[in-house]
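Following: one structure in structure tokens, then a few remarks.
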Amino acid sequence: MERETAVWPWRLALTLVILVWPLIWIGGLVTTYDAGMSVPDWPNTYGYNLLLYPLETWLVGPFDLLIEHGHRLLATVVGIVSIAFLATAARAKSRNQVPAGVVWLAGVVLAAVIGQGVLGGLRVVLDARTLAMVHGCTGPLFFMLCVVAACVTGSGWDRESLLQAYRTTSDSRATSGPPGKTPGLFWPVVLVALAACQLILGAQLRHALPTTSPTAFAHTAATHVTLGLVVLVWTLAVFWRMRRCGDLTLSRPGSWLLLCVVSQIGLGIATWIVNYGYPAMLGFLPGSQSYLLASKNVWDSVVVTGHVAVGSLILGIGTQLSLRVARRRWVLTRQIESGDRVAVAASPVKGDGTPVMVPA
């Protein structure tokens, strides 16, 4: 199958990934500034068609209107790209350039973006804070779905490309041992599950209902902090296992995951200080005794929204890593079962300098 000729499904899937992450950023700003109801109607904007709303009104108008209407416009662009992704996937399938599963996946992506748009619209029409919390949780899940689409439509997903990468990896630390050294899928999958739990807990804190008791809020915050430390420890384990494998396609995402998780903890601490002041253990710091209720400035908003966006990035990279581990294990296991063996073009490990023959 000539997968390399079906480039447009991958390009559009990658475009979705690139667009959805800033969409999450802007959606986070909508929540940070409490701008969710700055446009009271939907799908129109103050009676105008969404695409015909006067530019000068929202572009130089109030900031809450700018980010809310901008969020809708960017979501519309994501919907258009999703339609194009489905169309190009169907065309590539008719030419036997992609499997049928890619078309089904593109259909799920389009259905998900429509559902996400309707959910956001109902949040406005019903003025329901609970729907805002659900909308904030499903956005990162849609981002994960786009990451899946970009992975499975990429040129490195097919069997021959993966085997070639396994044979000729350019890093000197590339594995020359048997494919049994491929890390277990359990580790990245559990990491994604833990990060998803953190997402739900964070959404409960950001969209706390008026009926939420102080005790329940405190317990949610404590669980969020504790689970964050668990995620850090688990990420260290994932990073170590990916580095041991020596495969750059696994070790690099593992490194990015660790960097994102460490950054996320720093952003989480900063978010706590912005929202609730310094913790008691940091009471010795200058200015820590000031607990003034004030609106967030630009930098405060960047910190809070960045905490949300990096959380989504952790989910995306974790999903990519899980898919790569699963695909690598599946392809190499099938190769072993077929009895085929290939020479690994890496540093020889035999005394006579001959390459090691391993199943692949």
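Nothing here was measured: the structure is a model prediction, and the numbers come from that model.
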- Closest non-hydrogen atom pair, Ala221 against Trp272: CB-CZ3, 3.9 Å

- Message: Return the OG to CZ distance between Ser251 and Phe239, rounded to the nearest 0.5 Å.
- Response: 8.5 Å

- Message: Please give me the minimum heavy-atom distance between Leu321 and Pro253, naming the atom from each residue.
- Response: CD1-CB, 4.0 Å

- Query: Of all heavy-atom pairs between Pro183 and Arg329, which one has the smallest distance, and what is that distance?
  - Reply: O-NH1, 3.3 Å

- Item | More than 12 heavy atoms of other groups within 6.0 Å of Trp21 CH2 | yes

- Side-chain touch Leu105/Leu145, heavy atoms, less than 4.5 angstrom: yes

- Atom CD1 in Ile265, atom SG in Cys260: separation rounded to 0.5 Å? 12.0 Å

- Tell me, do Val109 and Phe142 make a side-chain contact under 4.5 Å, heavy atoms counted? yes

- Message: Please list all pairs meeting side-chain hydrogen bond (donor to acceptor under 3.5 Å, both in side chains) that have one or both residues in residues 213-228, counting only residues at least two apart or in different chains.
- Response: Gln198-His224

- Note on the structure: CD1 (Ile317) and OG (Ser322) are apart, to the nearest 0.5 Å, by 11.5 Å

- Quick one: list whatever passes salt bridge (Lys or Arg N to Asp or Glu O under 4.0 Å) with Arg206, sequence neighbours left out. none

- Message: Set out, in order, the CA-CA distance, both residues' side-chain angles and the distance that settles side chain to side chain contact (heavy atoms under 4.5 Å, CB included) for Val303 and Ile273, then state yes or no.
- Response: CA-CA 10 Å; Val303 167; Ile273 294 174; over 6 Å; no

- Task: Determine the minimum heavy-atom distance between Ala195 and Ile314, stating which atoms define it.
- Result: CB-CG2, 4.1 Å

- Report yes or no: do Leu259 and Leu194 belong to one cluster of Ile/Leu/Val/Met/Phe/Trp/Tyr joined by side chain heavy-atom distances under 4.5 Å? yes

- Item | ILVMFWY clustering at 4.5 Å (side-chain atoms), partners of Trp104 | none

- Query: Checking side chain to side chain contact (heavy atoms under 4.5 Å, CB included) for the pair Val325/Met242: CA distance, chi angles, key distance, verdict?
  - Reply: CA-CA 9 Å; Val325 170; Met242 299 304 154; 4.0 Å; yes

- Message: Is any side-chain heavy atom of Tyr46 closer than 4.5 Å to one of Pro40?
- Response: yes

- Item | Val98 and Thr153, any side-chain heavy atoms less than 4.5 Å apart | no

- Task: List in chain and number order the residues that pass ring pair (Phe, Tyr, Trp, His ring centres under 6.0 Å) with Tyr48, two or more places apart in sequence or in another chain; answer none if no residue qualifies.
- Result: Tyr53

- Item | Spatial distance of atom CG (Leu12) from atom OG1 (Thr88) [nearest 0.5 Å] | 4.5 Å

- Is the CZ atom of Arg91 crowded by more than 12 outside heavy atoms at less than 6.0 Å? no

- Message: Nearest 0.5 angstrom please: Leu50 CG to Trp42 CH2, how far?
- Response: 10.5 Å

- Message: Test: side-chain hydrogen bond (donor to acceptor under 3.5 Å, both in side chains). Region: residues 135-146. Which pairs qualify, not counting sequence neighbours?
- Response: Gln116-His135, Gln116-Thr138

- Query: Honestly curious: do Leu227 and Ile200 fall in one hydrophobic cluster under the side-chain, below-4.5 Å linking rule?
  - Reply: no

- Note on the structure: Rounded to the nearest 0.5 Å, the OG1 atom of Thr271 sits from the CG atom of Leu205 at a distance of 11.0 Å

If you look only at distance, which donor and acceptor atoms sit under 3.5 Å apart when one is on a side chain in residues 78-87 and the other is two or more places apart or in another chain?
| from | atom 1 | to | atom 2 | distance (Å) |
| --- | --- | --- | --- | --- |
| Ser82 | OG | Val78 | O | 2.8 |

- Message: Going by the rule ring pair (Phe, Tyr, Trp, His ring centres under 6.0 Å), which residues pair with Trp234 if we only count those two or more places apart in sequence or in a different chain?
- Response: Phe186, Trp187

What side-chain donor-acceptor pairs closer than 3.5 Å can you find for residues 61-76, not counting sequence neighbours?
| from | atom 1 | to | atom 2 | distance (Å) |
| --- | --- | --- | --- | --- |
| Glu68 | OE2 | Arg72 | NE | 3.2 |
| His69 | ND1 | Thr45 | OG1 | 3.3 |
| Arg72 | NH1 | Asp41 | O | 3.0 |
| Arg72 | NH1 | Asn44 | O | 3.0 |
| Arg72 | NH2 | Val39 | O | 3.4 |
| Arg72 | NH2 | Asp41 | O | 3.0 |
| Thr76 | OG1 | Arg72 | O | 2.9 |

- Shared hydrophobic cluster for Leu257 and Trp240 (ILVMFWY, side-chain gaps under 4.5 Å): no

- Query: Does Arg324 reach the main-chain N or O of Thr249 with its side chain, forming a donor-acceptor pair under 3.5 Å?
  - Reply: yes

- Query: Do Leu250 and Leu313 belong to the same hydrophobic cluster, where Ile, Leu, Val, Met, Phe, Trp and Tyr are linked whenever their side-chain heavy atoms lie under 4.5 Å apart, directly or via other members?
  - Reply: yes

- Sub-3.5 Å donor-acceptor pair from the side chain of Gln320 to the main-chain atoms of Cys151, do we have one? no

- Item | By side chain to side chain donor-acceptor pair (under 3.5 Å) - contacts of His207 (at least two apart) | none

- Going by chain and number, the hydrophobic cluster around Met144 (ILVMFWY, side chain to side chain under 4.5 Å) further includes Leu141, Val192, Leu199, Leu315

- Query: How close do Lys93 and Pro99 get, heavy atom to heavy atom, and via which atoms?
  - Reply: CD-C, 3.9 Å

- Task: Verify the cluster assignment for Val238 and Leu185: are they in a single hydrophobic cluster under the rule of side-chain heavy atoms below 4.5 Å apart?
- Result: yes

- Task: Could you identify which residues cluster with Ile18, counting Ile, Leu, Val, Met, Phe, Trp and Tyr as linked when any side-chain heavy atoms lie under 4.5 Å apart, either directly or through a chain of such contacts?
- Result: Trp10, Leu14

- Message: Starting from Val233 and following side-chain heavy-atom contacts under 4.5 Å between hydrophobic residues (I, L, V, M, F, W, Y), which residues can be reached?
- Response: none

- Task: Return the minimal non-hydrogen interatomic distance between Ala309 and Trp25, and the atom names on each side.
- Result: CB-NE1, 3.1 Å

